[in-house]
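Worth knowing before you read on, the calculation uses all heavy atoms, side chains too, and leaves out hydrogens, waters and symmetry mates. Index from 1, following the sequence.
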Amino acid sequence: MDSVIEAAEGLVVGVDSGGSGLRIALAEAADGAVLDTLASREPVRTGPGGISAAHFLEQVLPAVHELRERAASGAAAGRPVLAVAVGAAGMATLGHELRAELPDAFAEAWGVRRLALAADAVTAYAGALGQRPGAVVAGGTGMIALGTDLASWRRADGWGHLLGDCGSGAWIGRAGLEAAMRAHDGRRGGSAALLTRAEKLFGPASGLPGVLYPRTDRPAVLASFAPEVGACAAAGDPVAADVLGRAAGHVADAAEAVCPAAPGALVALTGGLFRMGDPLLAPLRAALAERMPQARTVPPAGDPLAGAVALASALASGTLLLPEDPSLLRLFGGATA
């Protein structure tokens with residue numbers, strides 16, 4: 001049966017797995033129109049083998065069963081699942097169990113023949129730009145840029161708060177807290193405004209190392225101070241504004257490193273970092289325009305769950321253009337256009 005005709009008769013499943021839990025969508029295979037979604041706030045556990053396939057399946061299989069049951073009284077009744085796409089944080093380095101076990105598990109559960117296992121940066125890309133050449137910067141606590149010319153992928157940063165994630169929420173928060181400590185010490189480059197906000201949030205400045213260093217969630221704690229830096233910059237604090245200007249330069253550097261050089265390439269910014277607004281976005285727009293005059297910045301069309309659904313739909317219809325990659329995007333039983 002022709003893939004396009006087959007897709008018109010089937011369904012697809014998209015999964016977005018991250019640090020805050022799981023989101024699962026049931027959608028039309030032909031056009032990716034979402035029929036229903038479910039969410040779990042329990043993140044998938046990791047162990048010696050990486051992301052736990054067993055814990056992932058414990059959540060996803062019942063959720064998809066429920067979604068299909070809820071859709072059984074409508075147009076989706078009795079229709080097969082043709083493709084599944086999973087986007088997961090850590091897939092590139094911790095996805096060994098998922099790649100080993102999910103193809104057979106999904107085939108046994110639903111008879112599904114096509115599966116895409118992707119890093120969450122890939123589903124963020126697919127959600128934001130679809131299957132067009134360009135670059136996507138995903139910014140939150142961390143920061144990663146991913147670009148493609150549809151022949152191969154290029155990645156920049158995403159190396160964690162000790163080695164990189166430059167310009168991320170954790171980076172901005174750390175730089176803001178450094179400026180607060182400089183003010184506390186009386187050193188050049190300090191900000192009294194940031195010191196006031198740091199002490200309001202964390203207590204006396206002299207106790208900040210004891211508050212911060214023992215924490216296992218240190219990147220998130222650092223990132224929690226980024227909105228304070230944005231607020232100080234918006235209120236006219238020059239030190240905070242300089243922190244955001246430097247962060248914008250780092251983000252633009254990453255986008256430039258991965259964006260195709262051809263005219264007309266698109267750049268999208270996704271993630272909570274960019275909800276900081278003009279204190280960050282104004283210098284970032286200027287930096288992007290300076291570094292990549294050939295590219296056009298566009299708002300993201302959708303989120304990573306939408307990207308997972310788009311990948312699954314393209315797999316089902318045989319129209320996938322995004323390139324396969326050993327760590328970023330693995331295809332099982334599927335075909336690209």
If I compare all heavy atoms of [X] with all of [Y], which pair ends up nearest, and what's the gap?
{"X": "Ala254", "Y": "Ala156", "value": "O-CB, 3.8 Å"}
{"X": "Ala116", "Y": "Leu329", "value": "CB-CD1, 4.2 Å"}
{"X": "Ser313", "Y": "Glu28", "value": "OG-O, 4.4 Å"}
{"X": "Met143", "Y": "Asp165", "value": "O-OD1, 3.2 Å"}
{"X": "Thr141", "Y": "Ala223", "value": "OG1-CB, 3.9 Å"}
{"X": "Ala118", "Y": "Thr123", "value": "CB-CG2, 4.2 Å"}

Side-chain contact, heavy-atom cut-off 4.5 Å: [X] with [Y]?
{"X": "Leu22", "Y": "Glu42", "value": "no"}
{"X": "Ser327", "Y": "Asp325", "value": "yes"}
{"X": "Arg330", "Y": "Met91", "value": "no"}
{"X": "Leu102", "Y": "Phe56", "value": "yes"}
{"X": "Phe225", "Y": "Arg174", "value": "no"}
{"X": "Tyr125", "Y": "Asp120", "value": "no"}
{"X": "Val136", "Y": "Leu129", "value": "yes"}
{"X": "Val60", "Y": "Val15", "value": "yes"}

Open item on the list: Both conditions, 6.0 Å and 45 degrees, for the charged tip of Arg113 above the ring of Trp110: are they met here?
Closed with: no
In Å, rounded to the nearest 0.5 Å, how long is the span from [atom1] of [X] to [atom2] of [Y]?
{"X": "Glu66", "Y": "Leu26", "atom1": "CD", "atom2": "CG", "result": "11.5 Å"}
{"X": "Leu244", "Y": "Leu280", "atom1": "CG", "atom2": "CG", "result": "5.5 Å"}
{"X": "Glu228", "Y": "Leu177", "atom1": "CD", "atom2": "CG", "result": "9.5 Å"}
{"X": "Asp16", "Y": "Ile24", "atom1": "CG", "atom2": "CD1", "result": "9.5 Å"}
{"X": "Trp153", "Y": "Glu324", "atom1": "CH2", "atom2": "CD", "result": "12.0 Å"}
{"X": "Asp237", "Y": "Arg197", "atom1": "CG", "atom2": "CZ", "result": "9.5 Å"}

Side-chain ([X]) to main-chain ([Y]) donor-acceptor, under 3.5 angstrom:
{"X": "Asp242", "Y": "Gly245", "value": "no"}
{"X": "Gln131", "Y": "Leu321", "value": "yes"}
{"X": "Arg246", "Y": "Ala248", "value": "no"}
{"X": "Arg114", "Y": "Ala316", "value": "yes"}
{"X": "Arg45", "Y": "Ser52", "value": "no"}
{"X": "Thr148", "Y": "Ser152", "value": "yes"}

Common cluster, [X]/[Y], ILVMFWY with side-chain heavy-atom separation under 4.5 Å:
{"X": "Leu38", "Y": "Leu305", "answer": "no"}
{"X": "Leu269", "Y": "Val122", "answer": "no"}
{"X": "Val137", "Y": "Ile144", "answer": "no"}
{"X": "Leu266", "Y": "Leu281", "answer": "no"}
{"X": "Val298", "Y": "Leu288", "answer": "no"}

Task: Charged N-O contact under 4.0 Å between Arg285 and Asp278 - done: yes
- [ ] Starting from the C-alpha separation in whole Å, work towards a yes-or-no answer on ring pair (Phe, Tyr, Trp, His ring centres under 6.0 Å) for His250 and Trp171.
- [x] CA-CA 10 Å; His250 287 311; Trp171 187 95; 5.0 Å; yes
- [ ] Say whether His184 and Glu199, considering side chains only, have a donor N or O and an acceptor N or O under 3.5 Å apart.
- [x] no
TODO: Start with the C-alpha gap between Val64 and Arg68, add the side-chain angles, then the distance that decides, and say whether side chain to side chain contact (heavy atoms under 4.5 Å, CB included) holds.
DONE: CA-CA 6 Å; Val64 173; Arg68 297 182 77 184; 4.0 Å; yes
Open item on the list: Tell me whether Arg187 at atom CZ has more than 12 heavy atoms from other residues, nucleotides or ligands lying less than 6.0 Å away.
Closed with: yes
TODO: Give a yes or no on this: more than 12 heavy atoms of other residues, nucleotides or ligands lie within 6.0 Å of atom NE2 of His65.
DONE: no
- [ ] Please assess Arg23 against Asp303 for the test salt bridge (charged side-chain N to carboxylate O under 4.0 Å, His left out), listing each intermediate value before the final yes or no.
- [x] CA-CA 11 Å; Arg23 296 185 300 156; Asp303 66 6; 3.0 Å; yes
Open item on the list: For Phe332 and Asp104: C-alpha separation, side-chain torsions, deciding distance, then whether side chain to side chain contact (heavy atoms under 4.5 Å, CB included) applies.
Closed with: CA-CA 10 Å; Phe332 301 83; Asp104 289 343; over 6 Å; no
- [ ] With side chain to side chain contact (heavy atoms under 4.5 Å, CB included) as the test, would you mind laying out the steps for Glu97 and Ile51 before giving the verdict?
- [x] CA-CA 7 Å; Glu97 277 193 19; Ile51 302 168; over 6 Å; no
- [ ] Verify side chain to side chain contact (heavy atoms under 4.5 Å, CB included) between Leu35 and Leu11, making sure each step is shown before the conclusion.
- [x] CA-CA 9 Å; Leu35 301 173; Leu11 305 170; 3.7 Å; yes
